[in-house]
Amino acid sequence: MTKQGRQGMFISFEGGDGAGKSTQIHELTEYLRQMGYEVVLTREPGGTPISEAVRGILLDPQNKAMDAVTETLLYAAARAQLVAEVIRPAVNAGRIVICDRFLDSSIAYQAFGRDLGDMVGEINRYGVGDCMPDLTIYLRVDPKAGKARIQGRAADRIESEPDAFHQKVFEGYEEICRRDPARVCAVDAGRGIEEIAEEIRAEVMKRIHEI
Ligand code: TYD
């Protein structure tokens, strides 16, 4: 860990669209930096020049013809580059990496939302390997409430999907929580910003001290 000179830590943030991830990521990053930790902040899809180029293709509302398997492969490709170029080196150098979305997004959106099932984990095995988050903060918000929160801003290709898709994504996240309770910490995102931020800080500091 940065302060004690030990190995770093990898934290991902997850949640449906409109869960308030950006705000909470900002809060946690500022807090950890003030505590003296070296934090590398990144996002998916994106975070490297190659991955950001892939992001452009993935989120372009014009790309209506995109096949679900193509979509999965592109998210996995963007992720493989991010792991190799940013996440793995930073964690090995003792930093705290905070990533806005990671593999769980593909499980929720592609395996559940697109009904692709186990194929999604298989495809991602090549690029992710053992580089999984030590802690995942899942901001749980009812899909309808999430939709209401993002109303008014231009929707990307995924956000434009119908309610039934977002409901399946929600159920996907719930299943991920059940499968991996040691890694995934579900946080009720329907509360005030500061209350949520405090819960996240406490969870992160607990894990930092455990390392
Ligand atoms: P982004 O603007 O980063 O959304 P958010 O602010 O909600 O994180 O866009 C990312 C979109 O891509 C989001 O709708 C979720 C989707 N997504 C997938 O479908 N699969 C994935 O593997 C990832 C990383 C994101």
Inspect the surroundings of [atom1] in [X] and state if more than 12 heavy atoms from other residues, nucleotides or ligands are less than 6.0 Å away.
X    : atom1 : result
I193 : CD1   : no
K168 : NZ    : yes
E194 : CD    : yes
D115 : CG    : yes

Tell me whether [X] contacts the main-chain N or O of [Y] through its side chain, where contact means a donor paired with an acceptor under 3.5 Å.
X    : Y    : answer
R95  : V40  : no
D134 : F10  : yes
T70  : M66  : no
E52  : G47  : yes
R191 : D188 : yes

**Report entry** Check against side chain to side chain contact (heavy atoms under 4.5 Å, CB included), V184 and I137
**Finding:** CA-CA 6 Å; V184 185; I137 302 290; over 6 Å; no
Report yes if the side chains of [X] and [Y] come closer than 4.5 Å at any heavy-atom pair, otherwise no.
X    : Y   : result
M119 : V69 : yes
I57  : N63 : yes
T42  : C99 : yes

Report task. Report the distance from atom OG1 of T23 to atom CG of L28, rounding to the nearest 0.5 Å. Result -> 12.5 Å
Report task. First locate atom CG of D100, then atom CZ of F13, and finally report the distance between them rounded to the nearest 0.5 Å. Result ->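 Those atoms lie 8.5 Å apart.
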Query raised in the report: Between I50 and L73, is there a shared hydrophobic cluster once you connect ILVMFWY residues whose side-chain heavy atoms come closer than 4.5 Å?
Result: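 I50 does not cluster with L73.
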Query - Worked verdict on S51 versus R79 for side chain to side chain donor-acceptor pair (under 3.5 Å) - result: CA-CA 7 Å; S51 312; R79 180 168 302 126; over 6 Å; no
**Report entry** Check against side chain to side chain contact (heavy atoms under 4.5 Å, CB included), C177 and Y138
**Finding:** CA-CA 8 Å; C177 287; Y138 163 47; 3.3 Å; yes
Report task. Decide, yes or no, whether a salt bridge links D104 with R183 under the criterion of side-chain N to carboxylate O below 4.0 Å. Result -> yes
Query raised in the report: If you measure from the Lys or Arg side-chain nitrogens to the Asp or Glu carboxylate oxygens, is any gap between E38 and R33 under 4.0 Å?
Result: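 Judged by the 4.0 Å cut-off on N to carboxylate O distance, E38 and R33 do not form a salt bridge.
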Query raised in the report: Given F170, which of E175, K144, R140 fulfils the side chain to side chain contact (heavy atoms under 4.5 Å, CB included) condition?
Result: R140
Report task. Could you check E27, K206, M35 and say which one makes a side chain to side chain contact (heavy atoms under 4.5 Å, CB included) with R201? Result ->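 Testing R201 for a side chain to side chain contact (heavy atoms under 4.5 Å, CB included) against E27, K206, M35 leaves exactly one candidate, E27.
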Query raised in the report: Where is the tightest heavy-atom contact between T136 and P133, given as atom of each residue plus distance?
Result: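 Scanning both residues, the minimum pair turns out to be OG1-CB, 3.6 Å.
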Query raised in the report: Yes or no on side chain to side chain contact (heavy atoms under 4.5 Å, CB included) for Y109 and F165, after CA distance, side-chain angles and deciding distance?
Result: CA-CA 8 Å; Y109 283 80; F165 173 83; 3.8 Å; yes
Requested in this report: Check step by step if side chain to side chain contact (heavy atoms under 4.5 Å, CB included) holds for E203 and E199.
Outcome: CA-CA 6 Å; E203 192 59 39; E199 188 179 333; 5.8 Å; no
Report task. For the pair Q167 and E171, evaluate side chain to side chain donor-acceptor pair (under 3.5 Å) and give the outcome as yes or no after the intermediate values. Result -> CA-CA 6 Å; Q167 185 60 38; E171 282 155 20; 3.1 Å; yes
